[in-house]
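The structure displayed is predicted, hence computed values, not measured ones. Each ligand, and each atom within it, is numbered from 1 in the order the structure gives.
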Amino acid sequence: MKAARRGAGGPADVKLDIVTIFPSMVKGPIAEGIVGRAIERGLLDVRVHDLRDFTTDRHRVVDDVPFGGGPGMVLKAEPLFAAVEHIRAARGTPSVVILTSPDGERLTDAVTRRLSGLEHIVVLCGRYEGVDERVRASLATETLSIGDYVLSGGELAALVIVDAVARFVPGVVGDEQSVARDTFARGLLDYPQYTRPAEFRGMSVPAVLLSGHHAEIEKWRRREALRRTLERRPELLNGVVLDAADKELLKDLTRERPERSGSE
Ligand code: SAH
């Protein structure tokens, strides 16, 4: 569905608040590229909050030692609660409060689509050994991980979330067709792309792409998207609706594939 834009001059389509101890780590990247342009055009309203502004002590301490002992420090609950309360007072109750964490729900295409339909998203960036569990229990409404590896902080995860979500906000990516064709959008990986020159160091662009024959080009692209998915991420094919033509293409592709198991 093509959601009605609240339009130029009106309130932004999506409000985002990011809470971090390293605001400049977040502010630089969001000022660039597609996200930067969406902010300039008022489609996204992103605010970055310094967690230390929500401390009450002279030294602006945001962390403390873990109860029960063990290495490292833990982000305290109080400043995070205070930050979200400030955001609520200034901008209204957020639709979601996301805690970034490697043990969270995995960020996927479906999750970023869901988030892009919300009005107001708060992202909390953890640091050190993590965040006091009471934040997860009664401040965050969900916990998201950007993959099975551990980062030293939630800032890069927050940037990934903002970038991926922004792409689905209507008007953010100039050509909505391009989002609809991206990898995962149709359940398949994207087809290969080429640009000029047509011949480069002995490598030429597939002739069909130069033919101007749109139906043939579409067919080639669908076939290559199916091929890539079959070769690299076959499990994705279980989640795709395939028409008769697709099934025919897949049958050909499977036949073309060199035997990989046990034959050598
Ligand atoms: N001790 C924790 C890791 C803390 S890493 C554990 O083993 O689970 C410090 C912070 O980085 C986390 O609080 C979280 O905000 C962020 N972070 C690290 N890896 C992440 C990931 N894969 N996805 C999202 N956030 C992550």
Is there a nitrogen or oxygen of [X] sitting under 3.5 Å from a nitrogen or oxygen of ligand 1?
| X | value |
| --- | --- |
| T100 | yes |
| G126 | yes |
| G130 | no |
| G147 | yes |
| V131 | no |

[atom] - nearest protein heavy atom and its distance:
| atom | value |
| --- | --- |
| atom 2 (C) of ligand 1 | E129 O, 3.4 Å |
| atom 23 (N) of ligand 1 | I146 N, 3.1 Å |
| atom 5 (S) of ligand 1 | L151 O, 3.2 Å |

### Query
Is ligand 1 less than 4.0 angstrom away from at least one heavy atom of D103?
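Flag not set, D103 not near ligand 1.
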### Message
Below 30° counts as parallel, above 60° as perpendicular, anything between as tilted: where do the rings of W220 and Y194 land?
### Response
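Taking Y194 first and then W220, their aromatic rings sit tilted (interplane angle of 30° to 60°).
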### Message
Out of S152, A157, P71, who is nearest to atom 24 (C) of ligand 1 when you count heavy atoms only?
### Response
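It is A157 that holds the nearest heavy atom.
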### atom 7 (O) of ligand 1: any protein heavy atom closer than 4.0 Å
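No.
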